[in-house]
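This report refers to the structure that appears directly beneath it.
Below, all heavy atoms of this structure are taken into account, side chains as well, without hydrogens, waters or symmetry copies. Numbers here simply count residues along the sequence, with the first being 1.
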Amino acid sequence: MRFTVGAHSAGHVRRIVRAYLVLWEMRELTDAVELAVTELLANVVRHVPDRRCGVLVLRCPGGVRVEVSDGSPEKPCVRDAGADDEGGRGLALLGAVVDAWGVDPAPDGGKTVWFECRVGGASATGTTAADAGADGT
């Protein structure tokens, strides 16, 4: 899917992703995948001037990979948010609910932020995977 992120985009994308997970019999990944894709779309809203992005959902052996691409070369970075900060916790949350995530630069100057959730992995059990975020900070 390619679109400009708006007020209701995250909800629409969550419903689409949920439908795929049900079809692929990976219901236990729903909460983690919905949370993670919502965070990546929120980052597009906050940090990509034109709010244009692409979302790709891939069925993989034993799980799913979701990629969010945009035209901004600015890579996301994990922040050490203070107790009074209103933001800055999203990527830490992402790392806590997915099995792996990273950032790949695009040839056109943009980037793709991706995450993977595996059946029986951190995303299914609610624990943090040892390699979460290791590929992309």
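Residue pairs satisfying the side-chain hydrogen bond (donor to acceptor under 3.5 Å, both in side chains) criterion with at least one member in residues 5-17, sequence neighbours excluded, are listed as follows: H12-R15, R14-T38.
Residues A32 and V97 come closest through the heavy atom pair CB-O, 3.4 Å. Here the shortest heavy-atom pairing between L91 and P76 reads CD1-CB, 3.5 Å. Closest heavy-atom contact between L21 and T30: CD1-CA, 3.7 Å. Contact detail for F115 and V33: the closest heavy-atom pair is CZ-O, 3.9 Å. When all heavy atoms are compared, the tightest approach of E116 to V98 is O-CB, 3.6 Å.
With sequence neighbours left out, D31 forms a side chain to side chain donor-acceptor pair (under 3.5 Å) with no residue at all. Annotation: side chain to side chain donor-acceptor pair (under 3.5 Å) contacts of R18 (sequence neighbours excluded): E34. For S72, there are no side chain to side chain donor-acceptor pair (under 3.5 Å) partners, not counting sequence neighbours. Under the side chain to side chain donor-acceptor pair (under 3.5 Å) criterion, T112 pairs with S69, sequence neighbours left out.
Judged by distance alone, with hydrogens and angles left aside, the side-chain atoms of D99 form a donor-acceptor pair with the main-chain N or O of R118 at under 3.5 Å. At least one donor-acceptor pair under 3.5 Å links the side chain of K111 to the backbone N or O of E74.
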Please list every donor-acceptor pair under 3.5 Å in which a side-chain atom of residues 46-60 meets a protein atom from a residue at least two apart or in another chain.
residue, atom, partner, partner atom, Å
R46, NH1, N43, OD1, 3.3
D50, OD1, R52, N, 3.0

